[in-house]
Each structure stands twice: as C-alpha cells, then as structure tokens.
Protein chains: 2
Amino acid sequence: MVSPLSEQPSPKQNHLLAALPTEIFERIAPYLELIKLPLGEVLYESGDQLQHVYFLTSAIVSLNYLMENGASAEIAGVGNEGVLGVSILMGGNTTTSRASVHTAGHGYRLKRQVMMNEFNRGGPMMALLLRYTQALMTQISQTAVCNRHHSVEQQLCRWLLLTLDRLPSNELILTQELIAGMLGVRREGITEAAGNLQRAGFISYRRGHITVIDRLGMEGRSCECYKVVKNEFHRLLNDLGRHE
Amino acid sequence: MVSPLSEQPSPKQNHLLAALPTEIFERIAPYLELIKLPLGEVLYESGDQLQHVYFLTSAIVSLNYLMENGASAEIAGVGNEGVLGVSILMGGNTTTSRASVHTAGHGYRLKRQVMMNEFNRGGPMMALLLRYTQALMTQISQTAVCNRHHSVEQQLCRWLLLTLDRLPSNELILTQELIAGMLGVRREGITEAAGNLQRAGFISYRRGHITVIDRLGMEGRSCECYKVVKNEFHRLLNDLGRHE
DNA sequence: TCATCTACGTGCGCTAGCATACAGACGACA
DNA sequence: TGTCGTCTGTATGCTAGCGCACGTAGATGA
C-alpha cells in the first residue's frame with residue numbers, strides 16, 4: 001500500500017496517463033500542470049466553458065447536479081482512474097453538472113487546446129479517452145439504477161467502495177453531512193446506515209474519518225451496482241497497455 | 001405535422017443523418033439498411049457484442065438495465081434524434097444495458113465496420129456522433145437526478161414529453177404497464193399519476209392509447225429534468241448544419 | 001353475440017425515507 | 001484548560017410509494 005500523504009505527486013499516479021504509450025506521454029508531459037485541489041474546490045459550475053481537462057492523482061471529484069430547489073444529486077465520481085472534462089472532447093465544452101472536490105489531493109491539468117490537438121490525432125489517446133467516456137457512462141447509468149431501486153445503506157456501501165478504490169489508504173476523510181449531500185439523501189439517513197455498518201464491524205469512524213475494516217463485508221452489503229461499475233471499468237480500461 | 005403511418009421511411013427522418021454533409025451522407029447511404037422494428041423487439045441484450053448501429057426514424061427504443069432480482073430501470077431513450085450503439089464508437093462494443101423497442105416503427109442500421117470507418121475519418125461524422133454522445137450522457141445524468149428526487153407524476157410527465165418529441169403525432173401507443181416497466185415503478189403508480197393528468201385535462205386515454213392534449217400543461221407539471229435534457233440536445237445538436 | 005384476455009381502477013396495510021427538533025460529544029483553537 | 005462550533009445520535013410524526021388483492025371494463029376473436 002502506498003503512503004497517502006507523504007508521496008510526491010507524479011502524473012503516472014493517474015491510470016489514464018500511466019496507460020499512454022511513452023511517445024504520447026512525453027509529448028504532453030511538458031504541458032501537464034500540477035494542481036492542488038483542496039476540499040470543496042469547485043472545478044467548474046454547470047454551464048461553465050471548460051478551459052482544461054484534469055487528470056486526477058490523489059484528489060477525488062464529484063460530478064453533481066444542483067436542482068432549482070437547492071437539492072443536489074451526484075451523477076458520478078472521478079478520481080485517479082479517470083479524467084475530468086470529457087465534454088471538451090465530445091464537443092460540448094460544458095455540461096449541466098458541477099464538479100467539486102470531495103477528497104483533497106492533487107491532479108494535473110491540460111489546456112483545452114493541447115488536449116484537443118492530441119485527441120484529434122486519433123491514436124491511442126483518443127481510444128483511451130473514448131473508452132473512459134464509456135466507462136463514465138456506465139457509472140452514470142448505474143447511479144440512475146441505484147437511485148431508483150436501492151436503499152440508502154446499499155448506496156452508501158457502493159459509494160464508499162467506489163471512493164476507496166480511488167485511494168491508497170482505507171481511511172476516508174468525510175463527514176456524514178458531505179456524503180448525504182453527494183447521495184442526495186438526508187444526513188440522518190447516513191447516520192443510521194453508517195451506524196449499522198459500524199455495529200456490523202465493517203467500518204469504524206470518528207468525526208469526519210471513516211475507516212473501512214471489512215471490505216468484503218461491505219461488498220456483500222452493497223447492491224450489485226458497485227460490481228457492475230467496477231467490472232466495466234476493468235473491462236474497458238484494464239488492458240490499455242496493449243493498445244499501442 | 002407529418003402523418004405518422006402513411007409516410008414512406010426515409011433516412012433523412014433521422015436528425016443525425018439529416019444533419020450530415022451531403023458528401024458523407026451519400027458515402028454511407030448505400031450501406032444503410034432499412035429495418036422494421038416491432039414493439040418489444042430487443043436490439044441487444046446486456047453484454048452482447050454489437051454488430052450494427054441503428055439510426056432510428058419512427059421507432060423509439062429504451063435503454064434499460066435489468067437488475068438481478070428482475071426489476072428494471074430505464075437509463076435513457078433513443079428515437080429519431082439519435083443513434084443506438086454508441087458503445088461501438090467508444091470502443092467498448094457492448095454495454096451493461098439492454099435496448100428494446102417501446103414504440104414500433106422503422107430505423108436504418110449500419111454495419112459496425114462501415115460505421116467505424118466513417119467515424120475514424122475524424123470529420124463531421126465524428127463530431128456529430130460525439131456531440132450526440134454527450135447529449136445522451138446528459139439524458140442519463142438527468143435520469144439519475146430524476147430518480148433521486150422527483151415524484152412518479154413528475155417523472156411520467158418528463159417521460160411522456162421526451163417520447164412525444166420523437167413522434168410526429170401526439171398519440172402514444174403504450175400501456176400503463178409498459179410505462180411502469182420503463183420508469184421502474186409500480187403499474188398502480190402510473191394509473192394514479194395518469195388519472196391525475198387526465199382529470200386535469202392534460203391527457204386523455206383509452207386502453208393502450210395516450211393522447212396528449214395540453215402539452216404546455218404537461219411541461220408545467222413535469223420536473224425541470226425535461227427542459228434540461230431538451231435544452232442540452234438543442235444546444236449540442238441544433239446547429240449541426242453549420243458544421244461542415 | 002358471447003367468451004376470454006388484457007388493461008385499468010381501487011383499496012389496505014406496510015415501510016423507507018422525509019422534515020423537524022434537540023441533545024450530546026468530539027476536537028480545534030485560544 | 002476551557003470554550004465554542006461542528007459533527008453525530010436519537011425521537012416523533014408524516015408521506016410517497018410499495019406489495020398484494022380483487023373488481024371491472026374495453027378489446028378481440030370465434
């Protein structure tokens with residue numbers, strides 16, 4: 001396991017950047033700009049014209065939609081497995097969702113035009129990003145399904161597991177209030193669900209710190225959505241090295 | 001308004017095909033295969049390797065996810081505004097959802113390889129399909145949001161409006177049971193919501209036929225999700241003619 | 001015209017999750 | 001060490017939507 005905090009940031013911590021052929025990586029490397037991403041930072045609001053894509057390394061970002069009445073719901077999450085700002089590649093340049101940091105850390109950003117130039121070469125970079133886009137679509141789809149049919153506890157498990165997969169440690173720095181905001185449920189609902197999981201011995205926590213003790217237990221308690229998303233990411237992005 | 005049934009199928013009824021520059025359209029036209037799509041036809045199951053993309057003209061297809069316990073939930077819908085099978089372009093070649101026809105009609109299909117060849121030229125076809133993909137993502141996202149926060153009645157309005165936008169008439173051939181299956185709710189819930197809408201004078205129906213009388217009324221009764229999706233489709237795909 | 005099937009209406013008890021309110025408890029910081 | 005703001009636990013009612021069950025009315029075909 002990698003030490004979460006002491007480690008020096010490196011672009012290769014991002015799985016997509018790590019999967020690029022050397023030639024391409026070296027071509028874009030000079031343009032990668034290290035960015036510190038503190039908790040709560042908003043990378044873009046709904047409707048903003050995006051100027052960069054962000055390859056995250058240690059930070060985790062939530063894409064969520066803010067409703068007219070102020071309520072919100074998470075659409076998907078992005079961490080070291082992916083990239084933020086695919087709408088630049090799709091040609092829309094903006095989305096209806098907002099992107100905010102829920103786990104502080106770092107990432108590397110690339111200017112819109114640099115990204116576009118590389119994407120439009122049509123090689124491995126394009127293939128990689130399109131595959132990631134499909135994986136992201138699967139994640140969003142599964143959010144829809146999960147919101148429809150699954151309990152708060154199941155959704156909490158799914159969310160914690162997906163978040164955990166993006167971190168080097170098994171401790172999450174998160175308040176229940178924050179999680180509730182992500183899932184679009186009441187804080188009390190999270191308190192109850194988290195209480196159950198703690199009593200069952202799957203997690204333990206103190207104010208703002210959740211430690212996952214029994215990962216397998218959590219997976220059993222989660223709905224199928226977690227596995228669906230994870231398997232699809234694996235299928236689409238695991239054998240990237242062979243793509244060159 | 002176009003006559004729904006008597007009309008001869010033509011590829012240009014599909015908005016994406018209609019938006020293509022003449023040169024490109026004529027290049028692929030010989031490969032377009034007219035397909036009749038009866039109610040209930042399954043174009044692909046979860047996990048199937050896709051062999052074609054489908055440009056729909058009069059049919060409407062639902063992308064939905066079937067859960068382990070047999071329940072289901074719609075992820076998005078596709079009609080004459082779009083194309084079915086973007087996962088071919090994304091490189092995944094399959095998805096976790098199934099695609100089934102909920103409004104009978106026609107469409108044109110294109111073999112995987114023909115589609116890929118054209119897409120990989122990187123011109124207007126690629127730009128068009130990527131923009132459509134982003135619009136589809138917005139639709140899926142909004143499904144997630146809607147499932148989280150909105151009432152069955154609001155969701156029904158959204159769904160009917162989105163379906164209506166894909167049809168030339170204002171009559172839908174659909175049972176309440178079918179709609180319930182799409183939305184992932186009970187049939188009784190649809191009965192109740194539809195009853196309210198009928199009493200309010202927005203729709204009228206007889207067994208399996210829903211006629212929308214007051215479209216604006218429906219929009220007022222729907223949640224914001226309908227407008228968000230519609231606006232985003234408009235923004236991303238409306239000025240396609242100018243793209244050449 | 002009748003039989004039958006399918007779609008639609010309705011009622012009843014139940015539960016998850018909501019809104020609101022309040023109390024205790026941890027931890028940062030002075 | 002004490003204070004205070006924030007986070008967490010818990011209680012009470014309320015409502016939307018669920019599961020189940022049954023009745024009725026269009027449609028369809030012999």
Side-chain angles (χ1 to χ4, degrees), chain A residues 38-40 67 69-74 102 104 144-160 171-200 203-211 221-223, chain B residues 39-40 67 69-74 102-103 145-160 171-200 203-211 221-223:
Chain A
L39 175 64
M67 296 180 24
N69 67 12
S72 80
E74 184 173 84
H102 73 70
V145 171
C146 208
N147 283 351
R148 169 88 289 159
H149 288 293
H150 298 137
S151 70
V152 169
E153 183 179 308
Q154 289 175 309
Q155 293 183 48
L156 175 61
C157 288
R158 168 182 63 92
W159 195 89
L160 289 177
E171 187 187 7
L172 318 177
I173 316 290
L174 285 164
T175 66
Q176 299 186 347
E177 184 107 36
L178 209 67
I179 299 176
M182 300 290 160
L183 294 182
V185 300
R186 286 177 318 146
R187 195 264 312 159
E188 292 89 331
I190 300 297
T191 301
E192 191 185 339
N196 292 340
L197 295 176
Q198 168 135 271
R199 258 165 268 133
I203 64 175
S204 85
Y205 61 87
R206 38 181 254 281
R207 290 166 74 84
H209 298 249
I210 301 185
T211 306
R221 204 108 167 191
S222 169
C223 46
Chain B
L39 175 65
M67 296 177 27
N69 68 11
S72 81
E74 184 174 84
H102 73 68
T103 294
V145 171
C146 208
N147 284 351
R148 170 88 288 157
H149 288 293
H150 298 136
S151 69
V152 169
E153 184 180 306
Q154 289 175 309
Q155 293 183 48
L156 175 60
C157 288
R158 167 181 64 89
W159 195 90
L160 290 176
E171 188 188 7
L172 318 178
I173 316 291
L174 284 166
T175 66
Q176 299 185 348
E177 184 106 37
L178 208 68
I179 299 175
M182 300 289 160
L183 295 181
V185 300
R186 285 180 318 150
R187 195 262 314 159
E188 293 91 327
I190 300 296
T191 301
E192 191 184 340
N196 292 340
L197 295 176
Q198 168 135 272
R199 258 165 267 135
I203 64 174
S204 85
Y205 62 85
R206 37 179 256 281
R207 288 167 75 84
H209 298 249
I210 301 185
T211 307
R221 204 110 166 190
S222 169
C223 46

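Computed from a predicted structure; not experimentally measured. Each chain gets a letter, A, B and so on, in the order its sequence line appears, and its residues count up from 1.
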Bounded by its outermost nucleotides with an atom under 4.0 Å from a heavy atom of chain A, the footprint on DNA chain D reads dG5(D) to dT10(D)

Distance, rounded to the nearest Å, where Gln176(A) contributes CD and dA25(C) contributes P: 16 Å

Rounded to whole angstrom units, what separation is found between the CD atom of Glu188(B) and the P atom of dG13(C)? 16 Å

Which atom names give the shortest non-hydrogen contact between Arg221(A) and Ala200(A), and what distance separates them? NH1-CB, 3.6 Å

Determine the minimum heavy-atom distance between Arg158(B) and Leu183(B), stating which atoms define it. NH2-CD2, 4.2 Å

What pairs of donor and acceptor atoms, side-chain ones from residues 184-195 of chain A against any protein atom, are under 3.5 angstrom apart with sequence neighbours left out?
unit_1    : atom_1 : unit_2    : atom_2 : d
Arg187(A) : NH1    : Thr191(A) : OG1    : 3.0
Thr191(A) : OG1    : Gln176(A) : OE1    : 2.6
Thr191(A) : OG1    : Arg187(A) : O      : 3.2

Which parts of residues 150-157 of chain A get close to DNA chain C, meaning a heavy atom less than 4.0 angstrom away? Ser151(A), Val152(A)

Take atom CD1 of Ile210(B) and atom P of dA7(C), then tell me their distance rounded to the nearest Å. 13 Å

Between Tyr205(A) and dA25(C), is there a side-chain N or O to OP1/OP2 distance below 4.0 Å? no

Specify the angle, to 10°, made by the local axes at the two ends of the helix from dT1(C)-dA30(D) to dA30(C)-dT1(D) when five pairs are taken at each end. 30°

Where is the tightest heavy-atom contact between Tyr205(B) and Ile210(B), given as atom of each residue plus distance? CB-CA, 3.7 Å

With a 6.0 Å cut-off (strictly less than), is the heavy-atom count around CD of Glu177(B), excluding the residue itself, greater than 12? no

dA7(C) C1' sits how many Å from Ile190(B) CD1, rounded? 14 Å

Residue whose nearest DNA chain D nucleotide is more 5′ - Ala194(A) or Arg207(A): Arg207(A)

Looking at every strand, decide which applies to Gly195(A) at a 4.0 Å heavy-atom threshold: base, sugar-phosphate, or nothing. nothing

Rounded to the nearest 0.5 Å, what separation is found between the CZ atom of Arg148(B) and the CZ atom of Arg148(A)? 9.5 Å

Using a strict heavy-atom distance below 4.0 Å, which residues from residues 180-187 of chain B are in contact with DNA chain C? Arg187(B)

Just the atom pairs and distances: protein N or O near nucleotides 28-30 of chain C's N or O, under 3.5 Å.
none

